[in-house]
Amino acid sequence: MRQPLLHELTTCVRAPTVALSGADGQIGPATGPENAHGVLHADIRVLAEALLTVDGQPPEHLAGGLTGAATATFVGTVRLDDDSALRLVREREVTAAGMRERVRLVNQTGEKVEASVALRLATDGAPITEIRAGRRGTALPIEAHGATLAWKAGTTSVWVTAEAGTAWQLRVEPAGLTWSVAVPAGQAGEMGWQLRCTDPSSVVGPAPVGPSWVTPEVRAGDSRLAAWLARAVDDLDGLRMTAGGEVFIAAGAPWFFTLFGRDSLISARMLLPLGTELAAGTLRALAARQGRRTDAGSAEEPGKILHELRRGTSSYGGGLSLPPVYYGTVDATCLWVVLLNDAWRWGLPADQVAALLPAAEAALEWMAANAAAGGGFLRYLDTSGHGLANQGWKDSGDAIRFGDGSMASGPVALCEVQAYAYDAAVRGAELLDAFGRPGSARWRSWADELAMAFRSRFWVGGGYPAVALDGEDRPVDTVTSNIGHLLGTGLLDDAESELVARRLAELSSGYGLRTLSADAVAYGPDTYHCGTVWAHDTAIAIDGLVRTGHHDVAAGLVEGLLAAAESFGFRMPELHAGDTRGAWPAAIPYPTACQPQGWSAAAAVSVLSSILGLRVHVPAKRVSLEPMRPSPVGALTAAGLRVAGRTFTATIDAAGRPG
């Protein structure tokens, strides 16, 4: 079986529920080729089929699609003959507890029409790991109770309730719902149904209604920025969920619809211009599950931040099997400390920061212990035999490759992880000083030693940092987008930053940064981490380029992301193909990519922040704009940004001068 394709599906999301259907609105069928269709609640498919017909005939698709993150409308026609037809309109809304649909049958024939509208239902209760593998579960029995159908999918209880609307007869059977309607000429028959579910064993839950932020109102010479931002912020609202009552952004729908350490941290950091509440929830959710013991099976270690949280063991085949709480990530712990410092700078209340400092100190100790065991660098190696082989953000098994195409063996030290660790140590020291806690000198000294070691070991003769050192301390010599994550962390000096900026310019596809140089043996435009483009990856590089003064390179990457966003109707996917812009009419999708994806959506806010050059340090009473010059989107005004709970408006002209 193969992983189902997602790129042509319509995905409505309101965490922890997601509905995936064809472009025509039909969900299913529940048999046949592998597909990801269905309504999923907290990683369980609670509905696998919802097929609508009129007198046994499926509507022919005319138009429709998303009207919001959680809503969609589908318009179809039912042709009675060559000159007359009925129009069927299907309006869908996904809720945190399920989904509801309103169906309208519009009579355009000039005379009264009697019709039978049927909704065929089926379900299999498949977990997300089975769906992702292209497999289906066994059909579950459905019971009819009056106007309601009910079934169980594991511990999840599911109900579908029919709404008769204008039907003269409603029939509810285990196979589905049937409405008999009589529609006068020029009028519409209306009916509906609602799915709701409860799941006491879910490890994630719905967020409070309404986000903590106000969607920024953006006006720019280039209208694509505002369109991307509006769609992204709406999607981010749909991706909000909770663990232990704390709100965070789920990594992505449907495959990664839960708490991920790295992903949720990066998303929260990118969203700081909208407020600190999300960052606080993310930090607390992860601190509550911070490693306490050493366990090779889960990769847990004292002070370590988790990789992902699931309801049970996730078996993916090929020997990959991850426990419910899995810690196989080398970078989330560093990123946790960096986010805490950034949230403090953006005005997170001091008492909330102070409460998290013990977790920060434990995280710093984990960094030091890992580096000590790794010869001075942070490294990863799966010792369980069933965990992730690669544990940086490029975590596919073939992601870290030498120039000749061969794969690096562990323990692997990634270049960007050393930058995260350097940044975390310096920022951790700043927090310790600010809150009167000891140890800051130790962490600044540790960071200096790491920087010197990096400078002596990672640089390749061609004048760029290796993506990694392998287990034999050999530089893995491919040119990758990872080096963009080094900029702005303090790990590089000005001359080194200039060299990195030049390499990043070479990696641009015109739709963002390629993850791997097109000159590399292992390059492929459709290869998950070896040639595709990831919006968040490019946005991180843009931020670093702006911070180090390389506005020309950053501007080209901003233009690339805006073009990519337009290609995808401004719902930026997890990743897209790395083909050169102009080779095809638009950016080519990666067919199994999540859409929406947390950090791809958050990248829109990050790009806005980079263009404006937002620089915030509330404890030091500093808020300023250091914009890109010239502005890559023309004159720009952004209202609804927040610092320390206060809303403000930022304005720059086309030259990049603050207004």
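- Between His529 and Trp534, the ring planes are parallel. Angles under 30° get that label, and only those over 60° would be called perpendicular.
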Where do Gln391 and Asp382 land on the side-chain hydrogen bond (donor to acceptor under 3.5 Å, both in side chains) test, with the steps shown first? CA-CA 8 Å; Gln391 297 182 4; Asp382 174 55; 4.6 Å; no
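- Judged by distance alone, with hydrogens and angles left aside, the side-chain atoms of His576 form no donor-acceptor pair with the main-chain N or O of Ile588 at under 3.5 Å.
- Annotation: His7 is not in aromatic contact with Tyr590 [ring centroid separation under 6.0 Å not met].
- A centroid separation of less than 6.0 Å is found between the aromatic rings of Phe458 and Phe377.
- The aromatic rings of Trp599 and His536 lie parallel to each other, their planes meeting at an angle below 30°, with 60° marking the opposite boundary.
- Here the straight-line distance linking atom CD of Glu300 with atom CD of Gln290 works out to 10.0 Å at 0.5 Å rounding.
- Judged purely by atom type and a 3.5 angstrom limit, Asp331 has no side-chain atom pairing as donor or acceptor with the backbone of Gly392.
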Worked verdict on Asp494 versus Ser497 for side-chain hydrogen bond (donor to acceptor under 3.5 Å, both in side chains): CA-CA 5 Å; Asp494 290 346; Ser497 295; 5.4 Å; no
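- Asp235 and Arg240 are not joined by a salt bridge, as no carboxylate oxygen comes within less than 4.0 angstrom of a charged side-chain nitrogen.
- Here Glu559 pairs with Arg581 in a salt bridge; the nearest charged N to carboxylate O distance falls below 4.0 Å.
- Panel note: side chain Arg401, backbone Asp398; a donor-acceptor pair is recorded below 3.5 Å.
- Listed for the Asp234 side chain is a donor-acceptor partner under 3.5 Å among the backbone atoms of Ala69.
- With respect to the salt-bridge test (charged N to carboxylate O, under 4.0 angstrom), the residues Arg502 and Glu498 qualify.
- Put simply, the side chain of Thr489 gets close to the backbone of Leu486: a donor and an acceptor are under 3.5 Å apart.
- Using a 4.0 Å cut-off between a side-chain N of Lys or Arg and a carboxylate O of Asp or Glu, Lys394 and Asp537 do not qualify as a salt bridge.
- By the 4.0 Å N-to-carboxylate-O rule, Arg455 lies close enough to Glu496 to be salt-bridged with it.
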